[in-house]
Amino acid sequence: MSISVGALERISAAAINSPDVFKISLMWPIINKIEELSKKKYDFTPGDLGYDTIPECWIEVMKSMRVIADHLRGGNISGG
């Protein structure tokens, strides 16, 4: 029997009422470490850097962090 990790992540996100699977307990520590190392912020709060809505450059940072986190998570799961 095979279970999709992505499906488990979506179930976990739904369980904490989050639309963002990167905020689950498996992924969030990885995102936090990426924030620390990159000196960039993942979450956007209206008013950050004077923006009321999320700017495109912030979206690109979030996408990059998600790609890195996803690759690190994949390596951890498959690498045991």
Side-chain angles (χ1 to χ4, degrees):
M1 181 175 166
S2 175
I3 298 174
S4 165
V5 174
L8 292 175
E9 290 170 349
R10 288 187 293 280
I11 291 168
S12 296
I16 62 169
N17 200 28
S18 174
D20 188 346
V21 297
F22 290 90
K23 291 187 177 180
I24 65 170
S25 61
L26 174 68
M27 300 298 283
W28 195 242
I30 299 170
I31 293 290
N32 283 154
K33 190 63 174 180
I34 295 168
E35 285 180 316
E36 178 187 327
L37 294 172
S38 69
K39 308 287 191 254
K40 304 277 185 191
K41 188 175 163 190
Y42 177 82
D43 274 332
F44 175 81
T45 304
D48 283 341
L49 301 175
Y51 294 101
D52 291 327
T53 58
I54 189 165
E56 186 63 33
C57 61
W58 205 299
I59 292 170
E60 291 304 313
V61 167
M62 288 176 69
K63 285 180 185 177
S64 297
M65 287 184 176
R66 288 174 176 182
V67 168
I68 293 166
D70 193 50
H71 281 82
L72 290 171
R73 185 247 334 152
N76 285 335
I77 290 174
S78 65

Nearest heavy atoms of I31 and F22, plus distance in Å: CG1-O, 3.9 Å
Spatial distance of atom CH2 (W28) from atom CD (E35) [nearest 0.5 Å]: 5.0 Å
Closest non-hydrogen atom pair between M65 and S38, with its separation: CE-OG, 3.6 Å
Side chain proximity check, V67 to H71, heavy atoms < 4.5 angstrom: yes
CG on L37 to CG on N32, rounded to 0.5 Å: 11.0 Å
Separation of I30 CD1 from I68 CD1 (nearest 0.5 Å): 11.0 Å
Positive for salt bridge (Lys or Arg N to Asp or Glu O under 4.0 Å) with E36, one of K40, K33, K39: K33
Straight-line distance of F44 CZ to T53 OG1, nearest 0.5 Å: 6.0 Å
Heavy-atom side-chain contact between I54 and M62 under 4.5 Å: yes
Side-chain (W58) to main-chain (K41) donor-acceptor, under 3.5 angstrom: yes
